[in-house]
Amino acid sequence: MLHIVNKSPFTAGALQSCLRIAKAGSTILMIEDGIYGALDGTAVSGQIREALGDITVCALSHDLEARGVNGKVLDGITLVDYDGFVELVTANDGVQSWL
Amino acid sequence: MLHIVNKSPFTAGALQSCLRIAKAGSTILMIEDGIYGALDGTAVSGQIREALGDITVCALSHDLEARGVNGKVLDGITLVDYDGFVELVTANDGVQSWL
Amino acid sequence: MKLGIMVNEGPYTHQASDSAYHFTKAALAKGHEIYRVFFYHDGVQNGTDFTTPPQDDRNVVKRWSELAGEHGLDLVLCVAAAQRRGLVDEDEQKRHGKTGHNVAPGFRISGLGQLIEAGIQADRLVVFGD
Amino acid sequence: MKLGIMVNEGPYTHQASDSAYHFTKAALAKGHEIYRVFFYHDGVQNGTDFTTPPQDDRNVVKRWSELAGEHGLDLVLCVAAAQRRGLVDEDEQKRHGKTGHNVAPGFRISGLGQLIEAGIQADRLVVFGD
Amino acid sequence: MSEAGATKKFLYINRKAPYGTIYAWESLEVVLIGAAFEQDVSLLFMDDGVYQLVKEMQTKGIGMKNFTATYAALGDYEVNKIYIDKDALTERGLTLDDLQHLVWEDENEDWAEKDSIHLVGRDEIADLLDEQDVIFNF
Amino acid sequence: MSEAGATKKFLYINRKAPYGTIYAWESLEVVLIGAAFEQDVSLLFMDDGVYQLVKEMQTKGIGMKNFTATYAALGDYEVNKIYIDKDALTERGLTLDDLQHLVWEDENEDWAEKDSIHLVGRDEIADLLDEQDVIFNF
């Protein structure tokens with residue numbers, strides 16, 4: 001299953017709700033303001049690092065670049081472009097957007 | 001100073017940001033989905049109860065009634081209607097909306 | 001007291017415009033002056049008279065128009081926000097060759113300076129948004 | 001693969017419509033079929049041809065119209081959401097006596113059943129919103 | 001359920017409070033329309049979405065329509081699998097008694113009245129999402 | 001500042017990230033227009049608002065206009081009191097080096113270049129809000 005998170009983890013509960021429900025083997029894709037959850041050295045980095053053991057975490061490169069933070073991504077997070085986004089949608093059985 | 005909070009404390013950071021900045025002697029008015037911060041028995045009730053020592057906390061009665069939770073308001077919180085909202089705005093020197 | 005109101009979200013989706021309306025009405029009833037209501041961001045959608053909401057629901061746009069008519073309110077839609085979001089008065093209709101115009105009675109399109117002016121002239125500015 | 005897209009926010013205010021557009025374009029380029037793009041909530045504002053955004057910014061509405069023209073996309077605005085928010089086609093213009101109509105080329109107004117149908121017919125439904 | 005053709009498992013996820021935004025109401029409109037399509041429908045209320053089912057709402061003061069009576073009609077539309085995140089209730093100091101009591105009548109058991117609401121935890125929610133064909137997010 | 005008539009203290013509070021929503025950009029448009037009115041202007045970046053000032057944004061991939069070069073021009077408009085919540089930076093793993101270096105030229109000191117940005121903590125933010133006549137929230 002593909003989980004999409006598009007909110008900053010510092011102002012919305014979406015990432016926390018997602019992490020609580022996402023099963024081992026599932027994939028989280030961070031897009032839009034959600035990409036702030038993919039960065040190193042933040043108050044949520046430890047939690048993401050831990051999740052990376054069971055879950056594939058991806059972040060949309062275009063959204064990282066737009067926000068000037070593409071150099072700060074946590075090790076272990078996969079960067080994807082819009083093509084990769086499409087591939088994630090087709091490769092996973094279901095899609096859940098944590099709006 | 002009057003602080004207005006219109007977001008649920010369970011899904012947005014607005015109430016936390018407000019509580020961090022609101023000075024002793026100031027007033028917080030909870031409106032719209034912000035009124036969920038005014039309820040007893042929740043994960044944030046303790047924090048509000050503590051704030052009540054220094055800060056006046058009000059909640060808009062119409063918004064509480066609309067959401068069916070007017071019977072659950074924490075002791076010490078003042079209920080106001082739209083008239084009371086206007087009075088709070090005119091009685092305080094400044095207004096800050098934590099959007 | 002002289003109050004300025006800023007509305008940052010459109011009708012129906014967020015409660016911001018409802019809250020601003022009830023606040024404005026209560027302030028007028030208490031004898032306060034509303035210097036201006038400034039609609040910004042998606043708030044400009046409060047000024048579209050193309051809406052036809054269900055009969056059993058409130059008509060957010062019409063309610064603002066009527067309040068403006070009764071009290072001579074100055075309801076201003078930000079021109080830059082309006083252009084991005086499809087609010088067009090008769091002048092803009094002609095200039096851009098649109099099929100019609102959709103600014104409701106009582107609203108006018110003007111610049112952001114009107115918001116700054118409201119901040120300067122009013123004793124309080126109250127912001128409603130998301 | 002057959003994909004359904006749901007867009008829940010209007011143009012400019014939220015990035016949802018931008019993301020949906022870039023996703024849709026990428027999916028088409030990879031040879032996937034877009035069964036339908038359904039615009040709900042404030043998403044119906046993506047279909048207003050009354051917008052005149054600044055020259056140096058993207059034109060969100062026109063971009064959707066053009067993509068629809070190139071690929072025969074089915075862009076559907078929810079009728080109930082459209083009525084609340086002021087999207088009017090030629091039929092609605094006549095029925096409600098509006099000064100014009102503001103549904104952009106390539107978009108059509110229809111019911112929520114079109115969203116359910118997209119859920120049934122498409123292999124995946126991807127929701128973009130706030 | 002549909003007599004002919006494959007049905008799909010549809011899940012509507014509601015995570016937002018009522019009235020502050022319109023999503024709760026416009027989500028319910030989708031569920032009502034969708035009921036005519038005879039798919040295998042479930043509703044999940046998570047996070048602030050659990051507030052949608054609180055009883056005795058009085059919306060006169062805010063001038064909005066109270067749409068929540070419609071939830072009680074869902075059983076008649078054969079929408080009878082309603083899941084509620086129990087941790088979300090706890091965090092908000094709510095219990096099932098604070099919510100509407102939603103029921104449906106089982107035609108296979110002489111129209112016996114049954115509860116539509118099921119309290120679920122994180123693992124059950126994760127399983128619920130996993131088994132869906134289509135998820136609508138509000 | 002204005003030669004004649006009273007000036008008011010205007011504070012623009014920015015609490016949202018750029019691009020995910022338009023508030024950052026439309027807030028900046030207000031600041032630019034407002035600069036012509038010669039009030040006593042301050043800007044405060046709190047919460048996700050601190051992300052607005054991150055350097056080297058490349059918006060080509062998302063097809064949006066990069067408006068953030070405009071922040072560097074604020075000094076020329078005599079908008080030179082820019083406050084940044086230092087706790088918000090810390091929580092996000094950012095330092096001042098990650099942000100644009102905003103400056104202004106002080107005509108009273110032979111156009112000496114001075115920093116516009118001031119890091120502030122909660123007490124200073126509380127004081128800053130207290131002393132304002134008008135607060136704009138974005």
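Every chain is numbered from 1 and lettered A, B, ... according to where its sequence line falls, protein lines coming before strand lines.
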Taking the basic N atoms (NZ, or NE/NH1/NH2) and the acidic carboxylate oxygens, is any pair closer than 4.0 Å for C:Arg95 and C:Glu92? yes
Over 12 non-hydrogen atoms of neighbours within 6.0 angstrom of CD in B:Glu50: no
So what's closer than 4.5 Å to chain B heavy atoms on C:Leu3: side chain, backbone, both or neither? side chain
Identify which part of C:Asp18 has an atom lying under 4.5 Å from any heavy atom of chain B, answering side chain, backbone, both or neither. neither
Have C:Trp64 and C:Ser17 got a donor and an acceptor in their side chains that come within less than 3.5 Å? yes
side-chain hydrogen bond (donor to acceptor under 3.5 Å, both in side chains) test vs C:Tyr35 passes for just one of C:Lys2, C:Arg124, C:Glu117, namely C:Glu117
Contact part of B:Asp83 toward chain C, heavy-atom cut-off under 4.5 Å: side chain, backbone, both or neither? both
Option in B:Asp81, B:Leu60, B:Asp63 with maximal non-hydrogen atom pairs under 4.5 Å from chain C: B:Asp63
Using heavy-atom distances under 4.5 Å, tell me whether C:His14 contacts chain B through its side chain, its backbone, both, or neither. neither
Heavy-atom distances under 4.5 Å only: say whether B:Ile4 touches chain C with side chain, backbone, both or neither. side chain
When you check the gap from the basic side-chain N to the acidic O, do B:Lys7 and B:Asp33 get nearer than 4.0 Å? no
Residue, of C:Gln15, C:His32, C:Lys25, that accumulates the most heavy atom pairs under 4.5 Å with chain B: C:Gln15
Is there side-chain contact between B:Leu74 and B:Leu39, with at least one heavy-atom pair below 4.5 Å? no
